[in-house]
Amino acid sequence: MRNQSNQRELATTISNIPDGFTISTGPDGQQYLVPQYMVPALDHAFASYQSKADLGVSNAPGGSQQAQNRPFDVLAEGKLMFPPDPQLSDHDRLTLHAEVLALQEKLGISYKDASHRLYIAELEKLKVADQTYKAFKNLDSRIETSLKTLEARFGDPKANTEPDAGVVPDADADAE
């Protein structure tokens with residue numbers, strides 16, 4: 001008897017759903033009242049959330065460079081400009097769009113998350129290139145310092161351009 005009354009209460013609460021709406025269960029197990037036209041987008045969002053959770057992907061940190069009124073990101077000695085200077089061509093934009101779509105399809109994440117991942121990957125490439133440049137610049141200065149030290153210690157053999165400069169004449173050489 002008690003079980004039938006629970007079913008009646010459940011039936012009355014479900015029947016109170018307005019026309020054009022449905023109940024959808026979210027990834028957290030809660031039920032949500034959702035307009036029917038939003039069900040496909042919501043299902044995609046929930047599937048993206050679940051695949052993101054399965055992969056262990058965290059959300060991007062809050063805040064942006066634009067919110068700080070900085071149209072650039074500082075990379076050691078240089079700046080990464082937003083928007084890029086010179087502007088990207090249409091071909092470059094379409095290439096980036098295709099990369100974002102491929103990443104979105106492969107990982108099952110939103111367009112925003114895929115573009116953020118691509119941005120972070122490109123930024124890391126720039127940081128590595130910047131570090132490599134600095135390492136080679138440091139190596140070049142050390143080599144130059146070592147060469148100057150060796151030159152000072154042993155002298156420059158090209159400094160003596162005269163054939164016998166600094167050589168004491170040998171008595172046997174004059175006899176010949």
request  = Indicate, with yes or no, if L139 and L150 share a hydrophobic cluster defined by side-chain heavy-atom contacts under 4.5 Å among Ile, Leu, Val, Met, Phe, Trp and Tyr.
outcome  =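 As far as the 4.5 Å side-chain criterion goes, L139 and L150 are not connected within one cluster.
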message = Quick check on the hydrophobic clustering: are L101 and L94 connected, directly or via other members, by side-chain heavy-atom contacts under 4.5 Å?
response =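 Not linked; separate clusters.
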key: Other cluster members, L42 - Ile/Leu/Val/Met/Phe/Trp/Tyr, side-chain contacts below 4.5 Å   =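 L42 shares its hydrophobic cluster with Y32, V34, Y37, M38, V39, F46.
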State the [atom1]-[atom2] distance between [X] and [Y], to the nearest 0.5 angstrom.
X	Y	atom1	atom2	result
K106	S51	NZ	OG	13.5 Å
E151	T149	CD	OG1	10.0 Å
I143	N138	CD1	CG	10.0 Å
Y49	D54	OH	CG	10.5 Å
T25	Q31	OG1	CD	4.5 Å
I17	I23	CD1	CD1	3.5 Å

Is there a side-chain contact between [X] and [Y], using heavy atoms and a 4.5 Å cut-off?
X	Y	value
K127	E124	yes
P18	L33	yes
Y119	L123	yes
I109	R117	yes

inquiry  = Looking at every heavy atom in both D43 and S24, which two are closest together, and how far apart are they?
reply    =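 That would be OD1-OG, 4.4 Å.
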Nearest atoms (heavy-atom pairs only) where Q104 meets S110 =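 Minimum heavy-atom separation between Q104 and S110: NE2-C, 3.9 Å.
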Pairing residues for H44 by the ring-ring contact (aromatic ring centres under 6.0 Å, His included) criterion, not counting sequence neighbours =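 In terms of ring-ring contact (aromatic ring centres under 6.0 Å, His included), with neighbours along the sequence ignored, H44 is linked to no residue.
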inquiry  = Could you check whether D92 and S89, counting side-chain N and O atoms only, form a donor-acceptor pair closer than 3.5 Å?
reply    =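 Present: a donor and an acceptor within the cut-off.
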ask   = Is there a donor-acceptor pair closer than 3.5 Å between any side-chain N or O of T22 and the backbone N or O of Q36?
value =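 Answer holds: no.
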inquiry  = Checking E122 now: which residues fulfil salt bridge (charged side-chain N to carboxylate O under 4.0 Å, His left out) with it, not counting sequence neighbours?
reply    =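 E122 satisfies salt bridge (charged side-chain N to carboxylate O under 4.0 Å, His left out) with K125 only.
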ask   = Does the distance from a Lys or Arg side-chain N to an Asp or Glu carboxylate O, for D140 and K137, drop under 4.0 Å?
value =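 Answer for the salt bridge query: no.
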